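Just so you know, ligand 1 is whichever comes first in the structure, and atom 1 is the first atom listed for that ligand. Position 1 is the first residue of the sequence; numbering continues from there. This structure is a prediction, so every number in the text was calculated from the model and none was measured.
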Amino acid sequence: MTAEVLVAYATLHGSTRDIAERIAAAMPNSGIRALPTDDVGEPCAYILGSAVYRGAWLPEALDFLEKHREKLARRPVWTFSVGMPGALARRARPLAMSEAPKIVEAFPSTIQLRDHHLFTGVVNAMDSIRPLSAEHRDLHQHPICR
Ligand SMILES: Cc1cc2nc3c(=O)[nH]c(=O)nc-3n(C[C@H](O)[C@H](O)[C@H](O)COP(=O)(O)O)c2cc1C
């Protein structure tokens with residue numbers, strides 16, 4: 001990876017990838033990587049994005065911040081989150097917007113953060129069934145799955 005700007009993103013259902021691709025396409029000399037990846041190189045700047053689930057970035061995006069903590073302390077970093085503020089009723093929107101400062105607070109304090117932006121992605125009601133059931137069931141405890 002010899003790109004001057006690395007755009008790296010974590011997605012479950014593709015909205016964050018779409019936004020990352022739009023950002024990368026607008027910038028010459030950028031490279032784009034889905035997380036997790038070890039192909040990071042030595043870019044001059046980073047643009048990092050993650051989908052937001054239950055108020056937080058996806059684990060692979062948080063892992064990236066930790067794993068590359070030293071590199072990210074030496075270069076400017078822009079971040080974006082993809083959630084659902086624009087999909088909510090007007091009165092519920094401030095609640096979703098209030099997640100942004102908490103997301104940024106979870107970043108390592110050494111990061112040279114220039115800006116963070118919260119986008120609204122595609123919100124599919126059916127998607128909520130899979131992550132919720134995957135998280136709460138331990139199938140290996142079930143006799144059929146042993
Ligand atoms: C189970 C579930 C939990 C979610 N939690 C949040 C949340 O806490 N905050 C938020 O803004 N959006 C939340 N969303 C909306 C997703 O962030 C939104 O659909 C986003 O576009 C997903 O990005 P992706 O397609 O890159 O995975 C949630 C969606 C699902 C299905």
Side-chain angles (χ1 to χ4, degrees), residues 1 3-41 43-69 71-73 75-142 144-145:
M1 155 77 55
E4 290 176 13
V5 179
L6 174 66
V7 181
Y9 65 90
T11 183
L12 271 188
H13 294 289
S15 294
T16 310
R17 180 184 57 238
D18 292 346
I19 292 170
E21 285 174 350
R22 292 278 287 272
I23 292 170
M27 280 188 314
N29 303 325
S30 66
I32 184 165
R33 291 288 178 271
L35 296 174
T37 183
D38 289 324
D39 185 14
V40 174
C44 302
Y46 296 83
I47 300 177
L48 307 174
S50 175
V52 180
Y53 286 89
R54 296 188 187 85
W57 270 22
L58 290 171
E60 53 268 42
L62 293 171
D63 289 349
F64 184 90
L65 295 178
E66 283 302 329
K67 191 171 176 185
H68 299 287
R69 183 188 271 260
K71 279 186 178 183
L72 296 173
R75 299 284 188 230
V77 180
W78 283 261
T79 57
F80 65 95
S81 300
V82 182
M84 61 177 172
L88 297 173
R90 188 180 292 261
R91 66 180 179 284
R93 233 167 267 173
L95 184 67
M97 295 305 290
S98 73
E99 288 178 340
K102 292 173 199 153
I103 288 166
V104 170
E105 271 169 32
F107 296 165
S109 57
T110 49
I111 192 174
Q112 283 196 48
L113 185 62
R114 296 297 170 90
D115 197 13
H116 172 263
H117 189 84
L118 175 61
F119 293 101
T120 297
V122 173
V123 179
N124 182 348
M126 288 307 290
D127 290 343
S128 62
I129 295 166
R130 278 177 278 163
L132 284 173
S133 35
E135 184 153 306
H136 293 286
R137 282 186 205 156
D138 187 347
L139 291 175
H140 300 289
Q141 298 299 318
H142 195 281
I144 294 171
C145 302

Atoms of ligand 1 under 4.0 Å from any heavy atom of E99, numbered from 1 in the order shown, are 7 (C), 8 (O), 9 (N), 10 (C), 11 (O)
A student comparing D18, T11, L88 should find that the heavy atom closest to atom 26 (O) of ligand 1 comes from T11
Answer yes or no: does an N/O atom from V82 fall short of 3.5 Å to an N/O atom of ligand 1?
yes
request  = Return a yes/no value for R54: is any of its N or O atoms, backbone included, closer than 3.5 angstrom to an N or O of ligand 1?
outcome  = yes
Subject >> Backbone N/O of A73 and side chain of Q112: donor-acceptor pair under 3.5 Å >> reply: yes
Taking only non-hydrogen atoms of H13 and a 4.0 Å limit, the atoms of ligand 1 in range are 24 (P), 25 (O), 27 (O)
*Determine, step by step, whether Y46 and V40 satisfy the side chain to side chain contact (heavy atoms under 4.5 Å, CB included) criterion, reporting the C-alpha distance in whole Å, the side-chain angles of both residues, the deciding distance to 0.1 Å, and the verdict.*
CA-CA 10 Å; Y46 296 83; V40 174; 4.0 Å; yes
Near V123 (heavy-atom distance under 4.0 Å), the atoms of ligand 1 are 19 (O)
The answer for which part of V122 has a heavy atom under 4.0 Å from ligand 1 is backbone
In ligand 1, the atoms that come under 4.0 Å of a heavy atom of T16 are 23 (O), 24 (P), 26 (O)
Discussion item. Between F107 and L72, is the side chain to side chain contact (heavy atoms under 4.5 Å, CB included) condition met? List the steps.
Written reply: CA-CA 11 Å; F107 296 165; L72 296 173; over 6 Å; no
- Message: Tell me whether V52 has any N or O atom under 3.5 angstrom from an N or O of ligand 1.
- Response: yes
Item to check | Residues K102, E99: salt bridge by 4.0 Å N-O rule | outcome: no
